[in-house]
Amino acid sequence: MQVHNTLGNKKEELIPEKKGLIRMYVCGPTVYGPAHIGHARTYIAFDVIRRYLEYKGYKVKLVINITDVHDDMIAEANKQNTTIFELGDRFTKQFFEDMKALHIKPASVYPRVTQEIDAIIETIKLLYDKGYAYETKDGVYYDISKFAEYGKLSGIKPSKSITGTRVKTDKYEKKKVQDFALWKKAKPNEPYWESPWGEGRPGWHIECSTMSSKYLGLPIDIHGGAVDLIFPHHENEIAQSEAAYDVKPFVKYWLHTGFLDIAGQKMSKSLGNFITVPELLAKYNARVFRFFIATKHYRSRIDFSEEAMKHAENTLARLNDFIQRLYEVELAGKSLAVEPILSKARQEFELAMDNDFNAPKAWSAIFALETEVNKLMNENKLTKSGALRVIEFLKEIDSIFAVLSFEKKMPDLNEEERRLIALRDKLRKEKRFEEADKIREQLASRGIILIDTPQGTKWRKAR
Ligand code: AMP
Ligand code: ZN
């Protein structure tokens with residue numbers, strides 16, 4: 001399998017550190033509001049990646065952190081006249097509900113910053129003791145000039161500029177603009193924890209270094225997030241983890257999802273085009289949205305629009321009809337005709353997914369299978385056992401995407417149609433065949449085909 005590694009910007013063979021196990025970390029949400037469809041895009045994309053790795057036989061250990069301490073959380077808690085703790089509880093719960101509604105498999109662990117402060121302080125101490133951090137009047141900062149490889153992920157090298165105030169005020173200001181906070185000293189009325197540098201809270205980046213090391217062990221195999229996190233967040237994670245834990249590389253493969261935009265615009269509250277997951281699900285079926293996302297490449301930018309969703313809805317409905325049609329096949333015999341079609345589809349599907357999870361190409365293999373199997377059905381060459389083999393295959397594929405519906409639908413008749421069938425039965429018993437045949441034709445013109453069997457009259461909907 002090849003994956004595109006942002007570090008080095010090229011495709012590489014995926015070789016996990018421990019055979020058969022993938023240790024994966026995906027940056028989680030800041031829980032001060034409901035998840036939006038951009039979050040949903042990223043978590044669905046990584047859900048598909050995780051499920052494909054499982055399909056390939058790997059065991060996957062996935063960690064997603066919950067950022068429940070953050071400047072934005074404090075601002076929102078103040079606005080709502082509540083605490084970051086209440087706000088965090090509320091939206092963590094809502095995040096889990098949203099992920100479940102989107103059929104996203106739960107992570108193995110969801111560590112929360114408020115419950116990891118001691119471990120985070122330990123990591124900062126390591127950095128401080130090794131000389132990678134310094135204290136100022138408002139916090140503890142990472143000194144990026146001490147980490148020679150700073151910029152290796154994003155290609156953004158630190159500028160030479162210094163803040164300019166350091167020289168005069170010495171230890172009271174940070175040295176370089178890009179030096180980032182590991183610990184922020186508390187201002188009045190801010191939530192705080194005790195630390196060797198006084199009361200305060202962790203900076204944002206340090207939580208991911210701490211939690212990935214604590215819950216997965218280093219190096220981790222796959223680290224994910226959307227492209228917006230490459231700089232500075234992931235660059236800073238590398239600087240922290242590689243310096244604190246003496247491990248290089250801290251992450252073997254960096255995978256980044258493309259952004260989701262809305263009708264060509266960046267989604268933002270100020271533009272009024274912000275769609276939350278509950279708003280999405282009030283309007284669309286979760287599987288349609290998953291299908292919309294899962295048929296795109298995880299790295300591509302996605303444009304969300306009514307038309308694009310309509311298109312996804314139609315294609316998915318067509319696939320679900322195909323499954324229903326397969327259920328209706330009755331022809332006896334072996335499944336020979338379908339076997340080469342299935343193995344070709346599987347081969348092409350895996351080839352595409354093995355190549356950096358190329359889902360659009362993988363789906364074309366499924367659509368080609370649909371066309372060929374439909375042709376077999378039209379020519380009455382697909383047997384029942386063949387149809388069941390196709391259904392089995394589609395179920396396996398759907399263990400990766402979770403978009404299809406396998407529930408066997410019983411097409412239903414309305415009351416009049418039921419009455420007509422009963423009347424025809426009665427007429428046949430009375431040997432009034434001409435009148436009975438009229439009813440058969442009447443129903444056929446409505447697309448209801450009657451089949452007389454020794455067990456009585458059965459019916460199916462014509463296609
Ligand atoms: P946040 O809660 O903003 O820290 O984001 C949580 C995760 O969602 C991160 O991996 C982000 O990169 C990702 N994310 C945020 N906005 C979008 C978007 N519009 N499209 C795709 N992913 C996003
Ligand atoms: Zn992170």
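Atoms within a ligand are numbered from 1 in the order they appear, just like the ligands themselves. Keep in mind it's a predicted model, so treat the numbers as computed, not measured.
Ring pair Phe180/Tyr142 is parallel by interplanar angle, where below 30° counts as parallel and above 60° as perpendicular. The aromatic rings of His70 and Trp204 sit perpendicular, their planes meeting at an angle over 60°, well past the 30° parallel limit.
Residue contact annotation: His205 places no N/O/S atom under 2.8 Å from the Zn ion (ligand 2). For a distance bound of 2.8 Å, the N, O or S atoms of Cys27 include one lying that close to the Zn ion (ligand 2).
Residue Lys100 qualifies as open at atom NZ: its count of foreign heavy atoms under 6.0 Å is 12 or below. Heavy-atom neighbours of Glu407 CD from other residues, nucleotides or ligands within 6.0 Å: at or below the threshold of 12. Sparse packing is recorded around CD of Gln347, with 12 or fewer heavy atoms of other residues, nucleotides or ligands lying under 6.0 Å away. Sparse packing is recorded around NZ of Lys361, with 12 or fewer heavy atoms of other residues, nucleotides or ligands lying under 6.0 Å away.
Judged purely by distance below 3.5 Å, without hydrogens or angles, the side chains of Lys409 and Asn320 never pair a donor atom with an acceptor atom.
Shortest contact from atom 7 (C) of ligand 1 to any protein heavy atom: Tyr43 OH, 3.3 Å. Annotation: atom 1 (P) of ligand 1 to nearest protein heavy atom, His39 NE2, 3.6 Å. Scanning the protein for heavy atoms near atom 16 (N) of ligand 1, the closest one is His36 CE1, 3.3 Å. If you check which protein heavy atom lies closest to atom 20 (N) of ligand 1, you get Leu260 N, 3.0 Å. In this structure, atom 22 (N) of ligand 1 lies nearest to the protein heavy atom Thr42 OG1, 2.7 Å. Shortest contact from atom 9 (C) of ligand 1 to any protein heavy atom: Leu229 CD1, 3.7 Å. Scanning the protein heavy atoms around atom 21 (C) of ligand 1, the nearest turns out to be Gly38 O, 3.1 Å.
Of all the heavy atoms in Leu127 and Ala243, the pair that sits closest is CD2-CB, 3.7 Å.
In Lys266, neither the side chain nor the backbone holds a heavy atom less than 4.0 Å from any atom of ligand 1.
In this structure, Ala35 falls outside the shell of residues with a heavy atom less than 4.0 angstrom from ligand 1. For the pair Asp228 and ligand 1, a heavy-atom separation below 4.0 Å is found.
Checked for salt-bridge contact, Asp228 and Lys266 miss the test: no charged N lies under 4.0 Å from a carboxylate O. Using a 4.0 Å cut-off between charged side-chain N and carboxylate O, Arg23 and Glu17 make no salt bridge.
Compare Cys27, Ala40, Ala226, Gly258 by their heavy atoms: the one nearest to atom 14 (N) of ligand 1 is in Ala226.
The atoms of ligand 1 that sit less than 4.0 Å from any heavy atom of Thr30 are 2 (O), 4 (O).
Any N or O atom pair closer than 3.5 Å counts here, and Arg41 shares no such pair with ligand 1.
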